[in-house]
Amino acid sequence: MSTSSTRPDFRSSGAARRLGSMRRRMAAAVLLLSLLLVALTDALHIANDAQWRQLVLDRHMLSMLLRDIALVLLLSLCLCLALDRLLLRPLRRLAASTEAFDPTRPPPLAELVAAEPPAAEPAELQQISDSISRVHQRLWLQLRDEQDRAAQLRAEIERQQEALQQARQALELKSRELGSLSRVDTLTGLPNRREFDEALRREFKRAQRLRSRLALAVLDLDHFKRFNEVHGNVAGDVALSRFAGLLAERVKRDTDLVARLGGEEFVALLPGSGIEEAVALLEPLREELRVLALPQPALGPERVLTISIGLAAYSPAHPYLSPLALLQAADEALYIAKHAGRDRISLASSKPN
Ligand SMILES: Nc1nc2c(ncn2[C@@H]2O[C@H](COP(=O)(O)OP(=O)(O)OP(=O)(O)O)[C@@H](O)[C@H]2O)c(=O)[nH]1
């Protein structure tokens, strides 16, 4: 039987030691048995001799005894050698190949073919060796199948993980889109009413806490209904977007916020600003809109789209009770601006609600 290249040092292995001691024990046993046999035969022989006392002196008997002992020793040696060759050597080879057995390696090719037992080896030992080879072969084939299955499973898991990762990324993207959609006005790209409401509540609380100022402007395009009717909704959308661009360009401090409340109505929230600063900031906006020269037929030929602005501001000297009260004050100021002829800024009454 052949052994693999990673065959361990057999002489130092436990099996080798056990076989070695077995050999010694067998030799000792054979020797002992032989001696016993000779002793017994001689004793019987002596027992029949009446003159046993003269036995020790009898040279003939002594030489017989020595010859017998030498014979026995020779016989024992031959027996040991024969046993070693016929039984122990094949056993040692068998033990070595079993020690070197590794189910992760393919069985040697020779083991896959049913070979005739070597002439010197007993058939029983060859049978054991063949059985071990077959077990080795079966184990190796099973292991190979399992490894193939494990590789397929690993590939499937990788595919699933990749798909999961892609689905997660798509979901994240969608939820980001949804999140920004719910906070951004799709036409103008400005924050929407929801975002503004949150910012107003937050900034109002901060102004109360820090005893600082907070200006709020509501801006509304004048006669926009008429503009739409004459130029169409698409032109109306364009006008809304262009005005939103102007507003965002003008109000761009990090802490400020501009938003579209809905329709043609916009807001500007200016933390830290009072009425004067807000007027100074927003007044140029009216002129900038005029420069856009969007024709306004409601006002007659060669008239352009204008804006009305209502302005209110929270301050420790003029505190409002709530964010809603501040917004209502700005709305009332806008109403006044509209009724006063539009295209102007109106301030909320100095007596807050
Ligand atoms: N093109 C367009 N028009 C809009 C949009 N949202 C609201 N409008 C129009 O804006 C117009 C607002 O009209 P009104 O509320 O009567 O106000 P107005 O005509 O501007 O009159 P005043 O505000 O009193 O000056 C309506 O005709 C709406 O259809 C929009 O997103 N796009």
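Counting convention: from 1, in listed order, for ligands and their atoms alike. Predicted, not measured: the structure shown is a model, and the values here were computed from it.
- Both Phe224 and Leu285 are part of a single hydrophobic cluster, where members link through side-chain heavy atoms under 4.5 Å apart.
- Scanning the protein for heavy atoms near atom 14 (P) of ligand 1, the closest one is Glu264 OE2, 3.9 Å.
- Atom 2 (C) of ligand 1 has its closest protein heavy atom at Asp237 OD1, 3.2 Å.
- Arg159 places a side-chain heavy atom less than 4.5 Å from the side chain of Glu156.
- Scanning for ring-ring contact (aromatic ring centres under 6.0 Å, His included) contacts around His223 gives an empty result, with sequence neighbours left out.
- Between atom OG1 of residue Thr255 and atom CG of residue Leu214 there is a gap of 10.0 Å, rounded to the nearest 0.5 Å.
- For His318 (side chain) and Ala312 (main-chain N/O), no donor-acceptor pair under 3.5 Å exists by modelled atom type.
- Judged by distance alone, the side chain of Thr188 and the main-chain N or O of Ser241 form no donor-acceptor pair under 3.5 Å.
- Of all non-hydrogen atoms in Phe196 and Ala259, the two that sit nearest each other are CB-CB, 3.8 Å.
- At least one donor-acceptor pair closer than 3.5 Å links the side chain of Gln296 to the backbone N or O of Asp222.
- In this structure, Arg290 contributes its side chain and Ala293 its backbone to no donor-acceptor pair below 3.5 Å.
- For ligand 1 and Gly236, the ligand atoms under 4.0 Å from any heavy atom of the residue are 1 (N).
- Of the polar atoms of Leu221, at least one N or O is found under 3.5 Å from an N or O of ligand 1, judged by distance alone.
- Side-chain atoms of Asn192 come within 3.5 Å of backbone N or O of Glu195 as a donor-acceptor pair.
- The closest heavy-atom contact to atom 7 (C) of ligand 1, among the options Gly232, Ser241, Gly263, comes from Gly263.
- Summary of contacts: the protein heavy atom closest to atom 19 (O) of ligand 1 is Lys225 N, 2.8 Å.
- Given atom 25 (O) of ligand 1, the protein heavy atom at minimum distance is His223 N, 2.7 Å.
- What sits closest to atom 18 (P) of ligand 1 on the protein, heavy atoms only, is Phe224 N, 3.4 Å.
- Contact atoms of ligand 1 toward Asn233: 1 (N) (distance under 4.0 Å to a heavy atom of the residue).
- Considering only non-hydrogen protein atoms, atom 28 (C) of ligand 1 sits nearest to Asn228 ND2, 4.1 Å.
- Scanning the protein for heavy atoms near atom 22 (P) of ligand 1, the closest one is Lys338 NZ, 3.5 Å.
- Close approach of ligand 1 to Leu240 (heavy-atom distance below 4.0 Å) involves ligand atoms 2 (C), 5 (C), 30 (C), 31 (O), 32 (N).
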Can I get a per-line list of side-chain donor-acceptor pairs under 3.5 Å for residues 264-275, giving both atom names and the distance, sequence neighbours left out?
from   : atom 1 : to     : atom 2 : distance (Å)
Ser273 : OG     : Arg253 : NH2    : 3.2

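- For Asp222, no nitrogen or oxygen atom sits less than 3.5 Å from a nitrogen or oxygen atom of ligand 1, counting backbone and side chain alike.
- Heavy-atom contacts of Arg260 reach the following atoms of ligand 1: 5 (C), 6 (N), 30 (C), 31 (O) (cutoff under 4.0 Å).
- Look at Arg342 and you'll find a heavy atom under 4.0 Å from some atom of ligand 1.
- Considering both main-chain and side-chain atoms, Arg226 never comes within under 3.5 Å of ligand 1 through any nitrogen or oxygen pair.
- Listed by atom number, the atoms of ligand 1 under 4.0 Å from Asp220 heavy atoms are 23 (O).
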